[in-house]
Amino acid sequence: MPPAARPATISELAAAAKADPDAASPAKQPLKYYLRRAETHKSGGKALAHDAGLDLERAFIEYARAATLIVETIPSHRDYATELTEPQRENLTAVSTNTCGCKLCGHGAGMASQRSA
């Protein structure tokens, strides 16, 4: 049996997440492009963490890319203040809320299920 590969360090995972070319220059694409990319990364992370065999390292990278777009790239986009309404901008700042409801990450409905168990 071959030896198991060691898990990646947080530094290695962060470096892999920073390799996302979308986060580099927010002025290159329309704002909606970055909003869609953030949603794609978030959905990809969720699928990898919950549905696709628990590839937690790749899930971390996808979630980190989504977070970088939401926290850094999108707010600095030239059209951020004009194309998004105040409620939409507030929703983007509420990224710390987990809505997956799973038991694995300990948030949402999964957390309530764990407490009642």
Side-chain angles (χ1 to χ4, degrees):
M1 181 182 296
R6 72 165 178 78
T9 66
I10 295 293
S11 297
E12 291 168 338
L13 293 172
K18 285 184 180 181
D20 185 9
D22 288 331
S25 180
K28 285 186 176 182
Q29 300 288 339
L31 181 61
K32 287 186 179 189
Y33 170 83
Y34 294 105
L35 293 167
R36 283 191 303 270
R37 291 298 299 156
E39 179 61 32
T40 299
H41 285 303
K42 184 190 85 144
S43 298
K46 182 178 180 182
L48 288 164
H50 304 289
D51 306 328
L54 295 176
D55 189 344
L56 299 179
E57 290 182 1
R58 286 184 50 215
F60 177 93
I61 291 167
E62 290 300 311
Y63 280 133
R65 287 178 174 173
T68 299
L69 286 168
I70 291 168
V71 174
E72 297 175 10
T73 305
I74 292 170
S76 65
H77 193 278
R78 68 183 179 274
D79 298 327
Y80 177 75
T82 58
E83 288 190 23
L84 297 178
T85 64
E86 182 64 29
Q88 289 172 323
R89 289 191 300 272
E90 288 174 9
N91 284 338
L92 283 174
T93 60
V95 294
S96 63
T97 305
N98 181 309
T99 58
C100 73
C102 77
K103 291 181 182 180
L104 178 66
C105 63
H107 292 93
M111 188 66 148
S113 299
Q114 287 177 331
R115 286 187 195 134
S116 62

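We use all heavy atoms of the structure for the numbers below, so side chains are in, but hydrogens, waters and symmetry mates are not. From a predicted model like this one, the values you see are computed outputs, not experimental measurements.
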Practice prompt. Find the distance between OG1 (Thr85) and CG (Asn91) and round it off to the nearest 0.5 Å.
Written response: 8.0 Å
Worksheet, complete the sentence: By side chain to side chain donor-acceptor pair (under 3.5 Å), Glu83 pairs with (sequence neighbours left out) none
Worksheet item: If you measure from CD on Glu62 to NZ on Lys46, what distance do you get to the nearest 0.5 Å?
Response: 14.5 Å
Worksheet entry | Which residues share a side chain to side chain donor-acceptor pair (under 3.5 Å) with Glu39, sequence neighbours left out | Ser43
Practice prompt. Not counting sequence neighbours, which residues clear side-chain contact (heavy atoms from CB on, under 4.5 Å) with Thr9? List them please.
Written response: Arg6, Ser11, Glu12
Discussion item. Quick one, Tyr63 and His41 - any side-chain contact, counting heavy atoms below 4.5 Å?
Written reply: no
Worksheet, complete the sentence: Residues passing the side-chain contact (heavy atoms from CB on, under 4.5 Å) test with Ala17, sequence neighbours excluded, are Ile61, Ala64, Arg65
Discussion item. According to side chain to side chain donor-acceptor pair (under 3.5 Å), who are the partners of Arg89, at least two apart in sequence or on a separate chain?
Written reply: Glu86
Worksheet entry | Closest heavy-atom pair and its distance - Leu69, Ala38 | CD1-N, 3.7 Å
Worksheet item: Which pair of non-hydrogen atoms, one from Gly45 and one from Ala59, has the smallest distance, and what is that distance?
Response: O-CB, 3.4 Å
Practice prompt. Answer yes if Leu13 and Leu56 sit in the same cluster of Ile, Leu, Val, Met, Phe, Trp and Tyr residues linked by side chain heavy atoms under 4.5 Å apart, and no otherwise.
Written response: no
Worksheet item: Atom CD in Gln88, atom CD1 in Ile74: separation rounded to 0.5 Å?
Response: 11.5 Å
Practice prompt. Working to the nearest 0.5 Å, report the span between NZ of Lys32 and CG of Leu84.
Written response: 9.5 Å
Worksheet item: Taking only residues two or more places apart in sequence, or in another chain, which ones meet Thr82 in a side-chain contact (heavy atoms from CB on, under 4.5 Å)?
Response: Asp79
